[in-house]
Novice: 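Shown below is the structure under consideration.
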Amino acid sequence: MSAASWALQQAIFATLSSDSGVTDAVGERIFDAVPRGAAYPYIVIGDDKESDWSTATEPGSAHALTIHVWSRAAGRRETRLAAQAVIAALNGAELALSGQTLIDLRWLESESSRESDGETVHAQLRFRAVTEPE
């Protein structure tokens, strides 16, 4: 992983933490690592994959990343509203990255499922970002 992936994660965390739609949905519960006993709902910045996106003249990186939404509310409404807020905050956002330029950030797809415990609903939101060093 390069410095670009950390800069991107920091910018995504800052954006989600300051977006009123997201904080209305989950409060301040946006995590990289979920604290033991964390209340639901919450958002986790999940796994990512970085690949070379360099051209003949410019270096760059493509990032495939996943944002997770977890809820234990009855039904799927809470999960879907939080997921919608994350997509609204990040899709096409012009984030400021330390030492990098964000060329593009796009939502690709979402998937939700009920976990085997029968009470937790989990949504996975997949995004693609492209960065170039400054």
Side-chain angles (χ1 to χ4, degrees):
M1 291 292 172
S2 72
S5 64
W6 177 238
L8 180 60
Q9 180 176 334
Q10 289 177 303
I12 287 172
F13 182 84
T15 299
L16 294 177
S17 298
S18 64
D19 184 89
S20 63
V22 172
T23 58
D24 285 350
V26 301
E28 297 178 355
R29 294 180 300 276
I30 302 163
F31 305 118
D32 180 10
V34 181
R36 183 178 295 269
Y40 290 85
Y42 57 80
I43 292 170
V44 178
I45 298 175
D47 295 338
D48 64 314
K49 177 180 178 182
E50 183 177 0
S51 57
D52 185 24
W53 193 74
S54 300
T55 65
T57 58
E58 302 291 332
S61 298
H63 308 261
L65 54 113
T66 305
I67 308 290
H68 302 268
V69 177
W70 298 88
S71 171
R72 283 196 170 163
R76 297 176 186 265
R77 181 177 187 270
E78 185 175 71
T79 305
R80 293 186 193 282
L81 290 176
Q84 181 181 3
V86 170
I87 293 167
L90 296 179
N91 188 37
E94 296 179 6
L95 309 183
L97 279 62
S98 176
Q100 303 288 321
T101 300
L102 178 63
I103 305 302
D104 192 31
L105 175 58
R106 293 287 165 205
W107 168 69
L108 300 176
E109 64 181 4
S110 299
E111 177 180 353
S112 71
S113 59
R114 185 167 301 280
E115 295 296 303
S116 60
D117 65 5
E119 53 183 310
T120 307
V121 177
H122 174 208
Q124 299 180 63
L125 314 172
R126 293 182 185 84
F127 291 85
R128 178 178 185 268
V130 176
T131 59
E132 292 179 346
E134 289 181 340

Novice: Kindly state each residue pair satisfying ring-ring contact (aromatic ring centres under 6.0 Å, His included) with at least one member in residues 77-106, sequence neighbours excluded.
Specialist: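 Listed by first then second residue: nothing to list.
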Novice: Using 0.5 Å steps for rounding, measure from the OG atom of S110 to the CD atom of Q124.
Specialist: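 With rounding to 0.5 Å, OG (S110) is 9.5 Å from CD (Q124).
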Novice: Does one hydrophobic cluster hold both V69 and L105, with members joined at side-chain heavy-atom distances below 4.5 Å?
Specialist: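 Yes, same cluster.
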Novice: Looking at every heavy atom in both A85 and D19, which two are closest together, and how far apart are they?
Specialist: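 Minimum heavy-atom contact is O-OD2, 4.4 Å.
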Novice: Where do V22 and A89 come nearest, in terms of heavy atoms and distance?
Specialist: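 Reported closest heavy-atom pair: CG2-CB, 4.1 Å.
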Novice: Tell me whether W107 contacts the main-chain N or O of E109 through its side chain, where contact means a donor paired with an acceptor under 3.5 Å.
Specialist: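 Here the side-chain-to-backbone pair exists.
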Novice: Find out whether F127 and L108 are in side-chain contact, i.e. whether some heavy atom of one side chain is under 4.5 Å from a heavy atom of the other.
Specialist: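 Contact flag for F127/L108 side chains = no.
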Novice: Taking the side chain as everything from C-beta on, heavy atoms only, tell me whether L65 gets closer than 4.5 Å to D47.
Specialist: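 Contact flag for L65/D47 side chains = no.
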Novice: Looking only at heavy atoms, what is the nearest atom pair of A129 and L8, with distance?
Specialist: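 Reported closest heavy-atom pair: CB-CD2, 3.7 Å.
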Novice: Please tabulate, one pair per line, all N/O donor-acceptor pairs under 3.5 Å involving side-chain atoms of residues 93-104, not counting sequence neighbours.
Specialist:
unit_1, atom_1, unit_2, atom_2, d
D104, OD1, R106, NE, 3.1
D104, OD1, R106, NH2, 3.4

Novice: Salt bridge (Lys or Arg N to Asp or Glu O under 4.0 Å) between E78 and R72: does it pass, once the steps are laid out?
Specialist: CA-CA 8 Å; E78 185 175 71; R72 283 196 170 163; over 6 Å; no
Novice: How far does CD1 of I12 sit from CD1 of I30, to the nearest 0.5 angstrom?
Specialist: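 Going from CD1 on I12 over to CD1 on I30, the span is 11.5 Å.
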Novice: Which atoms form the tightest heavy-atom contact between P59 and S54, and what is the distance?
Specialist: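 The answer is CA-OG, 3.3 Å.
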Novice: Given 3.5 Å as the limit, does a donor-acceptor pair link the side chain of R80 with the main chain of R77, or not?
Specialist: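 No, the answer is negative, given that no donor and acceptor are paired below the 3.5 Å cut-off.
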Novice: Within a reach of under 6.0 Å around CG of D52, are more than 12 heavy atoms found that belong to other residues, nucleotides or ligands?
Specialist: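 Atom CG in D52 is crowded, with more than 12 foreign heavy atoms closer than 6.0 Å.
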Novice: Under a plain distance cut-off of 3.5 Å, with no hydrogens placed, do T131 and H63 share a side-chain donor-acceptor pair?
Specialist: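 A donor-acceptor contact under 3.5 Å links the two side chains.
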Novice: Before you tell me yes or no, could you show the steps for I43 and V86 under side chain to side chain contact (heavy atoms under 4.5 Å, CB included), namely the whole-Å CA-CA distance, both residues' side-chain angles and the distance that decides it to 0.1 Å?
Specialist: CA-CA 9 Å; I43 292 170; V86 170; 3.5 Å; yes
Novice: Just by modelled atom types, is the G46 backbone N or O under 3.5 Å from a matching donor or acceptor in the T66 side chain?
Specialist: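 Side chain of T66 to backbone of G46: no pair is present.
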Novice: So which atom in T79 and which in S71 form the shortest heavy-atom distance, rounded to 0.1 Å?
Specialist: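 Heavy atoms only, the tightest pair is OG1-CB, 3.1 Å.
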Novice: Under the side-chain hydrogen bond (donor to acceptor under 3.5 Å, both in side chains) criterion, do Q9 and D48 qualify, and how do the steps go?
Specialist: CA-CA 9 Å; Q9 180 176 334; D48 64 314; over 6 Å; no
Novice: What's the spacing between R128 CZ and K49 NZ if we round to 0.5 Å?
Specialist: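 NZ of K49 is found 12.0 Å from CZ of R128.
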Novice: More than 12 heavy atoms of other residues, nucleotides or ligands under 6.0 Å from CD of Q84: is that the case?
Specialist: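 Open: at most 12 neighbouring heavy atoms sit under 6.0 Å from CD of Q84.
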Novice: Tell me whether Y40 is reachable from V44 by hopping between hydrophobic residues (I, L, V, M, F, W, Y) whose side-chain heavy atoms are closer than 4.5 Å.
Specialist: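 As far as the 4.5 Å side-chain criterion goes, Y40 and V44 are connected within one cluster.
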Novice: Is there a donor-acceptor pair closer than 3.5 Å between any side-chain N or O of T23 and the backbone N or O of S20?
Specialist: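 Side chain of T23 to backbone of S20, a donor-acceptor pair under 3.5 Å: yes, one is there.
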Novice: Rounded to the nearest 0.5 Å, what's the gap from CD on E50 to OG on S5? Could you check?
Specialist: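 Between atom CD of E50 and atom OG of S5 there are 5.0 Å.
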Novice: Testing the basics here: between V26 and A82, what is the closest heavy-atom pair and its distance to 0.1 Å?
Specialist: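 Looking at all heavy atoms of both residues, the shortest contact is CG1-CB, 4.0 Å.
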Novice: Under a 4.5 Å side-chain heavy-atom rule over Ile, Leu, Val, Met, Phe, Trp and Tyr, are W70 and V34 clustered together?
Specialist: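 They do share one cluster, since a chain of ILVMFWY contacts under 4.5 Å joins W70 to V34.
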Novice: Is I45 close to F13 at the side-chain level, that is, under 4.5 Å between some pair of heavy atoms?
Specialist: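 F13 reaches I45 side chain to side chain.
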Novice: Working note: R76 + R114, criterion side chain to side chain contact (heavy atoms under 4.5 Å, CB included); need CA distance, chi angles, decisive distance, verdict.
Specialist: CA-CA 9 Å; R76 297 176 186 265; R114 185 167 301 280; 4.0 Å; yes
